[in-house]
Amino acid sequence: MPDAIEMIREVHPAARVVLAPYLLAPGAFHDQAIAAGADVIAEPLLGPDEPAAAPLVELVIDRYSAASAERRGRV
């Protein structure tokens, strides 16, 4: 069975394939995204030696706080 990008190229041969994975940092998952063969691939949200953007830090803290509060409610 052909992979998803190959199928897109078969159906839309003139289209560019853009992949925007929602990844925080480079690593195995980003490597797999690169290997998928899209024409353009978004970079991870965090790069080496770059400070994290304040909105991203706030998002992570909000999600952690929500998950923590939910867990406390179940115990």
Side-chain angles (χ1 to χ4, degrees):
M1 180 173 164
D3 70 355
I5 291 181
E6 288 175 359
M7 289 189 300
I8 292 168
R9 291 190 194 284
E10 287 176 14
V11 175
H12 305 284
R16 288 179 62 187
V17 178
V18 177
L19 182 60
Y22 188 66
L23 299 172
L24 288 177
F29 293 123
H30 189 251
D31 292 344
Q32 289 178 3
I34 292 169
D39 297 308
V40 178
I41 300 171
E43 291 296 320
L45 298 173
L46 297 173
D49 303 322
E50 293 179 12
L56 179 58
V57 172
E58 291 171 15
L59 174 65
V60 171
I61 291 171
D62 288 347
R63 295 217 175 145
Y64 177 83
S65 296
S68 179
E70 182 179 324
R71 182 170 171 81
R72 283 192 307 268
R74 285 194 222 159
V75 176

Determine all donor-acceptor pairs shorter than 3.5 Å in which one atom belongs to a side chain in residues 36-54; sequence neighbours excluded.
{"unit_1": "Asp39", "atom_1": "OD1", "unit_2": "Arg9", "atom_2": "NH2", "d": "3.3"}
{"unit_1": "Asp39", "atom_1": "OD2", "unit_2": "Arg9", "atom_2": "NH1", "d": "3.3"}
{"unit_1": "Asp39", "atom_1": "OD2", "unit_2": "Val17", "atom_2": "N", "d": "2.8"}

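Distance CG/Leu23 to CD/Gln32: 10.0 Å, rounded to 0.5 Å.
For the pair Leu59 and Tyr22, the tightest heavy-atom approach, listed with the atom from each and the gap, is CD2-OH, 3.1 Å. Across Pro13 and Glu10, no two heavy atoms sit closer than the pair CD-O, 3.9 Å.
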